[in-house]
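Predicted, not measured: the structure shown is a model, and the values here were computed from it. Note: hydrogens, waters and symmetry copies are ignored here, and every other heavy atom, side chains too, is used. Here is how names work: the chains are called A, B, and so on, in the same order as the sequence lines, proteins then strands, and each is numbered from 1.
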Amino acid sequence: MIVFLVEDYSMRKFLEGVLPRLGFEEHLFEIKHHRGKEDLISHLNNIIPTLSKRAQQIIIIIDQDRQDCLALKNKIKAKMARCCSCEYQIRIACYELEAWFLGDMEAIAKCSPRFKASFFQGKKKYRDIDNIPKPSSVLEEIVPDWKKRYASKPKFAEEIAHFVSLEKQNVEKANRSHSFQVFLETLCSFGNDKK
Amino acid sequence: MNTQIEQIKVKNFRLYKELHVTNLQRFNVFLGANGSGKTTFFKVFSFLATCLKENVTVAVNREGGFKEVITRNSHPEKDFIEFEIKFRNFEQGEKSPLATYHLKIGFSRGKVFIEKEVLKYRRGRSGKPWHFLDYSRGIGSAIKNEQDYDQEAWKAQEEREDQPLGAEDILALKGLGQFERYKTIRSFRTLLEQWLVSNLQNEEMRKINEVGADQQLSRSGNNLAQVASFLHEYHFDIFQTILTKMKQRVPGIDKVDITINEAGQILLKFGDNSFTDPFISKYTSDGTIKMFAYLVLLHDPTPRPLLCIEEPENYLYPTLLRELAAELREYAVRGGQVFVSTHSPDFVDALKIEELFLVKKEQGSSHIFSAKNDEQITELYENGCELGWLWQHEYFKGINP
C-alpha cells in the first residue's frame, strides 16, 4: 500500500486521474488530502506513526508556494525522521500544482479547445515553468472561459489529469515543469517493482 | 444518574434489519451520511414512547403503517419488528442489575398486535432471570412478590398473577405500570414516559402563548417562554447562569425579560444593548432563540432520563459547539442519558472517542459501530488527532457518502 499525503483536494483529484494511467491499481494506493499545507505538516506527528505501520511507502506532495524549497523539505524530513517507520518521499510542486498544468499546454488545449497552445508555448515567460511565481493565477488568466467552466480548481485538476503528458524521454512531448518530471520519476521508479 | 441504556437491539425496523448497539455511554453522538439511519435510530425512541402513551397501533400508523415500518424485503405477516433494550436502573442501588425490556410486534389480517413483551432481570451472575412482565397478545402475567426478589433472590420463588390487558396492541407496561404494587414495571414505565426526542422549531418557539406553569421544555419548544418564566421564578440561580452564557455567546444581548401582557399572554424579550426597547422573541434571530432554548433545555433542574437531539449545530456559530458539547455532557452526568446526531466536525472535535458512534448503511441496511472499536481511529485519537479532524480527513471508513 502506498499512501499519498497531499495538501489539498485539487492535488487529490489530479492524482486520482494520473495514477491509474501509470498503472497503479486502485486498491494499492490511498490518497489523503488536507486543508492546506499547514494542516498537513502540523498533523504529521499524529498520523504518521499509525499510517507508516501499514504503508510500504508514504509520498508527501505539497506546493512550494513562497517558501524556500530545500528548507521546506528539510522541515518535513526532520518531522518524518522522528515518527515514520516506512520508506517515504517528499515531492514539491514549484511553485504550485498549476505549474504542472502550465508545463503541458497541449493538455490545457484538450480541456479548453479555444485555448491556443502554440501562442503561449513560444513565449519566453513559459520557458521556465517552475519559476512562474503564481501559476494558479496565470492559468486562470490564460484559459478562456475559466470562470464559466471551472468554478473550482479541483474540477480543472480532475479534467487535465486525463490528458497531461507522462512522457519522459521525448523532450518535445514531455511536461516542461521540472518539478513535475521529478514527481513522475518517483512514481515510475517504484512503480516498476510494485505494479 | 438514574438509568442508563447500555445496549439496544432492533430488528426489522425500517433501515435496521438487524441492529445491535453496545457500549452506550451517558453521552453518545451519532455520525453518518444523509439517509444513513440517524433519524431512524432516534425514531426507535419516539416510537416506543408513542407505544406507551397511546398504543402500538397508533405508533405504527404514525409512521405510515406496518408495511412502511417493517424493513423492506421482510414479510409483513411472517416477520416481526423487535426491540430489546438493556438498561440499568440506578434507583435500585449502585450495583443494579442489567434489565432487559423486549418488545416484539407483529401484523396479521390488517391488525397490529404484540407478539411478546417481557421485562426481566437477574441479580448477580447466577440464577434464572425473573420475568417481571411476560405477555403475548394481551394475555400474560406479572410477578406480584417483587419485594422477595429484592431481598433473597436465590431463595425466593416467583409468584405470578394473570392480568389480561383487554387488547392485543396495548403495552402491559402501560396497563400494569399504573399500579403501585408493580414497582419495577412502574419505574420503567415512568422512565419511558419521560424520554424526549427534542425537535426544536424556531417558529414554534416564537409563538406567543397563554401563561402556564410548564417546568420542562416540550419537543418543539413551543412552551419556551413558560419554562423560562418557571426558571426565573423558582430557580433564579439557574436563570442567571443561562443569562450569563447568553451574554457571552450572543453579541449584543444584555438581558432576557419575561413579561405578561394584558391578554394574559407570556412574552419573552431579548434586550440588545444598542437599542432601548428589547425585541420580543418574534423578532429575534434564529440563532439567538435556538441558543436560549438549548440553554433552557440543558439546564433543566430535573433532567430527562433520555434526551435525543438531532443536529444541534443548526443555526449556531461553530465555535460555540464545543461549549454546547460540554453542556450536553454535563446534562448527561447530572442524570439524563443523551443521544445526539451531528454533521458538524467542530462538534465532533469536542468528543471523547467512546462517545462517538458511526452509522453506516451497507446494501440498504444500516448498522451502528462504536468509534472505539476501530483500531486505527483509536490509535490516531490517542496520538492527539481530534475526532472531527479524522472524520474530515476520511479516516472513518464507510461513513462518507
Heavy-atom check, side chain of B:L24 versus side chain of B:Q7, under 4.5 Å: no

- prompt: Can you list the steps and then say if B:F292 with B:F270 is a ring-ring contact (aromatic ring centres under 6.0 Å, His included)?
  reply: CA-CA 10 Å; B:F292 185 69; B:F270 293 87; 5.3 Å; yes

Salt bridge flag under 4.0 Å for residues B:E310 and B:K43: no

statement: Hits for side chain to side chain contact (heavy atoms under 4.5 Å, CB included) against A:L15, two or more places apart or cross-chain, chain-then-number order -> A:F4, A:V6, A:L19, A:I31, A:I61, A:F183

query: Using the benzene-type ring in the case of Trp, are the ring centres of B:F41 and B:F45 under 6.0 Å apart?
result: yes

Donor and acceptor N/O pairs, chain B versus chain A, under 3.5 angstrom:
{"from": "B:Q376", "atom 1": "OE1", "to": "A:R54", "atom 2": "NE", "distance (Å)": "3.1"}
{"from": "B:Q376", "atom 1": "OE1", "to": "A:R54", "atom 2": "NH2", "distance (Å)": "3.4"}
{"from": "B:E379", "atom 1": "OE1", "to": "A:K53", "atom 2": "NZ", "distance (Å)": "2.8"}
{"from": "B:E379", "atom 1": "OE2", "to": "A:T50", "atom 2": "OG1", "distance (Å)": "2.9"}
{"from": "B:E379", "atom 1": "OE2", "to": "A:K53", "atom 2": "NZ", "distance (Å)": "2.9"}
{"from": "B:N383", "atom 1": "O", "to": "A:N46", "atom 2": "ND2", "distance (Å)": "2.6"}
{"from": "B:N383", "atom 1": "ND2", "to": "A:N46", "atom 2": "O", "distance (Å)": "3.4"}
{"from": "B:W389", "atom 1": "NE1", "to": "A:D39", "atom 2": "OD1", "distance (Å)": "2.7"}
{"from": "B:W389", "atom 1": "NE1", "to": "A:H43", "atom 2": "ND1", "distance (Å)": "3.4"}
{"from": "B:W389", "atom 1": "NE1", "to": "A:H43", "atom 2": "NE2", "distance (Å)": "3.3"}
{"from": "B:H393", "atom 1": "NE2", "to": "A:D39", "atom 2": "OD2", "distance (Å)": "2.7"}
{"from": "B:E394", "atom 1": "O", "to": "A:K32", "atom 2": "NZ", "distance (Å)": "3.2"}
{"from": "B:E394", "atom 1": "OE1", "to": "A:R12", "atom 2": "NH1", "distance (Å)": "3.2"}
{"from": "B:E394", "atom 1": "OE1", "to": "A:R12", "atom 2": "NH2", "distance (Å)": "3.4"}

Evaluation steps, ring-ring contact (aromatic ring centres under 6.0 Å, His included), between B:F27 and B:Y331: CA-CA 9 Å; B:F27 177 36; B:Y331 182 92; 10.0 Å; no

